[in-house]
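For reference, the structure is listed below as structure tokens.
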Amino acid sequence: MTSRTKGTPPKLSKSRYLSGLQCHLKLWYECYNRELAGSVDAATQAIFDTGHEVGVLATKRHSGGLLIEADHFHHEEAVEKTEVAMADVNLPAIFEASFLHGGVRSRADILVRVRGGKWDLIEVKSALDVKDVNVDDLALQHWVLKGDGLEIRRAGILTLNRDYVFDGVEYDVDELFVFHDLTDTVPDMAEDVAKNVKAMHEMLARSRPPRIEPGDQCAAPYDCPFYDHCTKGMTFPEHPFEELPKLHANKREALRALGVETIDEVPDSFKLTALQQRVCACIRSGSEYVSSRCADVLEEPEYPIHHLDFETCMMALPRYKGTRPYQTIPFQWSNHIETKSGKLKHDAYLCREDKDPRTEFVETLLASVGTKGAICIYTTYEIRIIRELAKALPKYAKRLLALKDRCWDLCAVVRKHYYDPEFHGSFSLKRVLPVLVPSMSYDRLTVQDGQEAARAYVDGLSTKEAKRRQEIHRALLEYCGQDTLAMVRLRKALRDRCV
Ligand code: SF4
């Protein structure tokens with residue numbers, strides 16, 4: 001257990017307040033024991049970077065605005081600069097305007113001067129929708145600014161506009177964003193904000209951290225960086241009831257209320273779906289489940305069997321003409337083709353240039369899958385992408401849509417006809433493969449999942465170093481190729497389990 005040294009408790013900030021709403025212990029650690037946090041992973045860093053880029057673009061909607069340049073170590077200096085900027089009536093807007101009220105430091109993304117000495121408060125988010133946590137964030141800022149004596153005319157959140165289509169030349173910042181007006185919402189939250197701030201300050205003034213056990217709050221709304229520390233030395237049941245697939249929140253609560261922790265302890269009378277019952281039975285017996293129809297179903301796909309996987313990315317800011325914020329852009333496919341005699345051929349495509357890859361993706365894909373044989377996929381994600389491509393590229397629509405009828409979803413087959421307790425309730429390829437094909441692992445690969453593949457691809461687009469780009473492309477080809485080879489091996493492993 002940590003404790004703090006005596007002295008004035010630290011001030012709150014937007015991010016600390018949101019941490020405190022998630023968990024008081026998280027806030028305590030952020031203020032006094034930051035060294036206990038895990039390192040920032042690449043995914044989180046990418047979100048920060050995108051947020052910064054989008055934030056800068058949003059300021060272009062208010063030309064002539066002034067950025068208050070001072071890092072968070074110099075907040076008092078930023079407050080002074082803000083006061084000077086606010087007094088200058090020629091400044092139409094202030095970016096990162098800084099305030100201090102009630103022991104809370106706040107920086108407003110955009111503060112727009114409007115008539116009558118009033119201001120519009122705008123928070124920028126690099127997302128398409130407003131989340132509850134964003135509203136909490138805005139409510140705190142509104143409370144600080146009002147408390148500091150500002151008159152707020154409007155308060156709201158600016159997100160990216162999912163309907164905006166990039167012309168390929170320059171962002172139209174008036175169209176790229178959409179404003180969500182929360183002027184009527186946030187003032188009503190002021191009382192709660194004041195209570196929360198008071199409770200957080202009181203907690204931080206104590207000499208010892210609050211006693212809080214890890215629970216649902218550790219992952220919502222954000223994964224807590226102190227999770228490893230909080231759970232150090234704890235033992236978890238091998239099969240907690242939470243691994244029952246698609247367990248509704250109501251049922252989760254009901255099981256908790258019954259004091260159930262493990263799948264073994266779920267009462268026989270508790271209503272579960274057929275799949276959940278199967279998972280329970282496997283765990284209780286410690287054995288696998290193979291349906292009586294599994295062998296027949298595995299014989300359904302027609303040869304040659306194409307094992308197909310796509311990699312896609314979603315960029316907050318559209319990069320190519322005709323695309324929208326966060327539009328899914330497929331940039332790579334892999335196809336392992338198995339003939340009836342067991343011969344295997346591998347085709348692959350990866351866009352290696354910074355261009356809209358979709359036309360080339362489709363043309364090469366259609367050539368590889370031809371018109372014969374089943375197309376084995378793992379989940380129906382590829383079908384969704386095929387549909388989107390058919391819509392975006394009508395010239396290829398007929399041939400693309402014809403592929404859907406040939407698709408055969410191996411994940412659905414596993415879900416319906418096979419279970420092993422080691423799946424721990426998940427049917428993802430990354431979970432199923434090491435159980436059924438232990439010789440194949442993703443551990444040795446540089447790129448280990450689809451999100452990493454997307455990040456690596458986007459990194460590769462901006463890197464100037466040819467060698468680095470080559471390394472990224474090699475890693476991507478290896479990863480996507482592994483996904484489709486995995487399906488070949490998985491089909492065989494399942495067939496072997498049926499005999
Ligand atoms: S891991 Fe959970 S309990 Fe621990 S600080 Fe984070 S949110 Fe709180």
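Every value quoted in this text rests on a predicted model; they were computed, and no experiment measured them. In this chain, residues are counted from 1 in sequence order. Counting convention: from 1, in listed order, for ligands and their atoms alike.
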Exercise for review: For Cys230, take its heavy atoms, then give the atoms of ligand 1 lying under 4.0 Å from any of them.
Suggested key: 1 (S), 4 (Fe), 5 (S)
**Study point:** For atom 2 (Fe) of ligand 1, the protein heavy atom that lies nearest, with its residue and separation
**Key:** Cys218 SG, 2.3 Å
**Study point:** Glu123/Leu158 under side-chain contact (heavy atoms from CB on, under 4.5 Å): CA gap, chis, key distance, verdict
**Key:** CA-CA 6 Å; Glu123 177 70 10; Leu158 205 59; over 6 Å; no
Practice item. Show your reasoning for whether side-chain contact (heavy atoms from CB on, under 4.5 Å) applies to Ser106 and Leu140. Key: CA-CA 8 Å; Ser106 170; Leu140 177 75; 5.8 Å; no
Practice item. Grab the two heavy atoms, one from Pro187 and one from Thr183, that are nearest each other, plus how far apart they are. Key: CD-O, 3.0 Å
**Study point:** Nearest-option assignment for atom 6 (Fe) of ligand 1, heavy atoms, candidates Ala220, Ala219, Pro209, Cys224
**Key:** Cys224
Point to revise | For atom 5 (S) of ligand 1, the protein heavy atom that lies nearest, with its residue and separation | key: Lys26 N, 3.5 Å
Review point. What about the rings of Phe310 and Phe331, do their centers lie closer together than 6.0 Å?
Key: no
**Study point:** Nearest-contact summary for atom 3 (S) of ligand 1 - protein heavy atom, Å
**Key:** Gln217 NE2, 3.5 Å
Check your understanding: For atom 7 (S) of ligand 1, which of Pro210, Cys23, Ala37 has the closest heavy atom?
Key -> Cys23
**Study point:** Heavy-atom closest pair, residues Arg34 and Phe226
**Key:** O-CE2, 4.2 Å
